[in-house]
J.: 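One structure follows; several queries about it will come next.
In each ligand, atom 1 is the first atom listed, and ligand 1 is the first ligand listed.
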Amino acid sequence: MLPASDFTEQYESRINRPVLAKAADFQRQERLTHVIFAQQFDREMLDHLCSTASMIRQISRHRQGQDFLSGLLSHKRAMLYFTQASTRTFLSFMAACQILGMTCNEIRDPTTSSEFKGESPLDSMRMFSSYFDVVIMRSNMAKFAESCAYLMNELEAQGRRSVPVVNAGSGADEHPTQALLDIYTIQRSFEFTSQKDNARNSRFDQLRRRYPDLNKGLANKTYGFCGDVGRGRTVRSLTTLLALWEGVKFKFIYPDYDKLAPYQDMLARLEETGVHIEHAHSLPEVIDQLDMLYMTRIQHEHDTEADQQFFETFDATQFTLSTDLLPKMKEYCPILHPFPRNHEIPFDIDSDPRAMYFRQARNGMWIRAALLAHLFDVDGKIGAHYQKNYGV
Ligand code: CP
């Protein structure tokens, strides 16, 4: 496979523009044409996607609803081009396509495609766009998805066939659709509802007795990110979105080692938005202050020999959510993790009602279906169907 520089060079001047100038290239009026980075989403669009995801979830409960949804995009085909390992993102995109009736095909191992014979990734991309209506892609090469989106825009400008590109994880830089499912999960958690709620008493009322300042929604909360904050693309994308809410605070909890610390470009970008940022090197010391805890694994696959030496004496307990920490956490604090996990969340935690990570992964299917519906302009039909059948 060609090194990243061979294709990013071609689009270098576009890649190096300010992010808002780039975002304009990936949408037409209010509708996204490609999904490349988290800064493309504003609060209004996030609310719209979360609301569409909830409608799809509800409509899917009945056979008639499933038939309606699967008729929406049955004339469309998706290519899942995942040359970097994935379980959740790959499967939830595939399930999302199936919910909307799309046919899927996949390339996961580039040695089975003509890239093995030296075909350039950009040529592969153009071939996919000849056969499919959307390319959903994961790559270990930063900026590859962005470069593919520019290629598609060039083709469109020449009057040639062009399809939406969806970044399902690109190198160390971005994982925008993971951030969407994280936001959706946090939003649902901070509704503070329970099936036992009634007019006289609700879960929110009960929580307010213990936490009088608690408010519903994502604003005015303290969000903790624990583990390999530096090398994790999910934290980069999620913090970008959370910074859209007022009064949010971020606590980055990571080993005192440069590579695992939040990168300066991310900190600078977040500071510009006015969010309050704190740093810590021990989860037990700050866990009681958090309204949400986002755990991440240490990404040892990126370790150098020097890193391995550091980890020989590393105290993992400071970045592990052990069961003895659970009583110290706020009663409502959702625990998220993009997964896969290693040992930072032991299996014993899974039965705690605050453990959201399996629900979070399932939410990926609903929000990705909502995103595809948005890209293909059928979200309005979903809203109309919901209104007609559920009267809301
Ligand atoms: N969260 C996530 O991206 O998981 P996968 O690597 O399994 O897709």
J.: Mark up the atoms of ligand 1 that fall under 4.0 Å of a heavy atom belonging to T87, in ascending order.
T.: 5 (P), 7 (O), 8 (O)
J.: Pick, from Q360, R138, R88, the option with the minimum heavy-atom distance to atom 6 (O) of ligand 1.
T.: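 Considering heavy atoms of Q360, R138, R88, the nearest to atom 6 (O) of ligand 1 sits in R138.
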J.: Less than 6.0 Å separating the ring centroids of Y294 and H337?
T.: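 So the answer is no for these two rings.
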J.: Specify the protein heavy atom at minimum distance from atom 2 (C) of ligand 1: its residue, its atom name, and the distance to 0.1 Å.
T.: T89 OG1, 3.5 Å
J.: Counting each atom of ligand 1 from 1 as listed, which ones have a heavy atom of F339 under 4.0 Å away?
T.: 1 (N), 2 (C), 4 (O)
J.: Give me the one residue out of I349, L336, T185 that meets side chain to side chain contact (heavy atoms under 4.5 Å, CB included) with Y357.
T.: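 Answer to the side chain to side chain contact (heavy atoms under 4.5 Å, CB included) test with Y357 among I349, L336, T185: I349.
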J.: Is it true that E246 and R43 have a side-chain N and a carboxylate O under 4.0 angstrom from each other?
T.: yes
J.: Show the atoms of ligand 1 that are less than 4.0 angstrom away from any heavy atom in Q178.
T.: 1 (N), 2 (C), 3 (O)
J.: Considering distance alone, does some N or O of P338 sit under 3.5 Å from an N or O of ligand 1?
T.: yes
J.: Taking the six-membered ring for Trp, are the ring centroids of F225 and Y223 within less than 6.0 Å of each other?
T.: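 F225 vs Y223: aromatic centres not under 6.0 Å.
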J.: Measure from the ring center of Y386 to the ring center of Y390 and say whether it is less than 6.0 Å.
T.: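 Yes; Y390 has its ring centre under 6.0 Å from that of Y386.
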